[in-house]
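Single-structure report; data block below.
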Amino acid sequence: MTSTDQQPFLSVKDLKVHFSTEDGVVKAVDGLSFDLAKGKTLGIVGESGSGKSVTNLTILGLHDRAHTAIDGEILLDGKDLLTATERQLEQLRGNTMSMIFQDALASLSPYHTIGRQISETYRKHTGASKKDARARAVEMLRRVGIPQPDMRVDDYPHQFSGGMRQRAMIAMALVCDPELLIADEPTTALDVTVQAQIMDLLKELQQEFGTAIIFITHDLGVIADIADDVLVMYGGRCVERGTKKEVLRTPQHPYTWGLLGSMPTLDGPVDVPLSPIPGAPPSLLNPPSGCSFHPRCGFTERTESGLCSGKRPVLEGAGGHTAACHLTADQRRDFFAEYATSQSH
Ligand code: SF4
């Protein structure tokens, strides 16, 4: 933990998630650790394939068990999720922990009304009567800002706009007052106004329910809005973590600098204009040697010859702000200033 002294509600320790494929073993997550306290939001940021979604599907127990080797520990309120049975996990999902996905349309059944989908989730976990569950569905739709919820509860998903469907999915995810909410790019497909409304809604609901939230995104602008702490993932590993202020104001890893430079919404965190990171994310089947960012990093020449490609850096730093990079702290400070200047010309 970096922003609080509270005991962690969720604790992930040295998590490894490896898939067997015809071509070999894909190391989707390779030694990830983090903590999250109740009422706090951890933003996990990284490009596609960085391991952020796989991490969270594993927490929820939604990975393909037959083809996945998992090592490490995931403790939720002291209970080890990796040794939990499918039945125990099913009980926890929707009750103690739930998830909001990017695509509400794909996550809601087109064959059942919005109200039925919310109330069935509620009944399954609480044993409430049909009447009480329907009342609860109306109440949740009202809370997420659906107008005339007592009428719209009988609508089908196709009768809702994209923003309303997303709100309905949030209502469904929160109907049992989960203590952990995982939001995977929940606002990506929405326009900016609806996106802002949904972020405000999540913050309100978090205050009301004290929910711990993991917010997965590739957008540091969104992180700036919602997160307490930030974890930057690259190639299945954490390359930087710290409080939002630390990571966005004084980033320590060249990949984080690149992410900041590639974001179109830079008014908030730092004054660096749009500039995509050159190159492609690393293969998780045959990851680069040493620092997996070295084929794309513009700073390898600044370290001892061959160090970046020969030795994997470990997370180091002061307090809770850590980064995995061979550059010294002084070098990083100077280079970030240099990098920000070069990006602005
Ligand atoms: Fe770049 Fe080397 Fe630092 Fe990796 S260890 S981020 S390659 S400078």
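Each ligand, and each atom within it, is numbered from 1 in the order the structure gives.
Using the six-membered ring where Trp is involved, F336 and W257 have ring planes that are tilted, between 30° and 60° apart.
Between D225 and K203 there is a salt bridge, since a side-chain N of the basic residue sits under 4.0 Å from a carboxylate O of the acidic one. Between D14 and K16 there is a salt bridge, since a side-chain N of the basic residue sits under 4.0 Å from a carboxylate O of the acidic one.
Among residue pairs with one or both ends in residues 154-175, those qualifying as salt bridge (charged side-chain N to carboxylate O under 4.0 Å, His left out) are R134-D154, R152-D155; sequence neighbours excluded. Listed by first then second residue, pairs satisfying salt bridge (charged side-chain N to carboxylate O under 4.0 Å, His left out) with a partner in residues 294-304 read E47-R296, R302-E338, not counting sequence neighbours.
Residues meeting the side chain to side chain contact (heavy atoms under 4.5 Å, CB included) test with R143, sequence neighbours left out: R136, E139, M140, E208, F209.
The number of protein N/O/S atoms found under 2.8 Å from atom 1 (Fe) of ligand 1 is 1.
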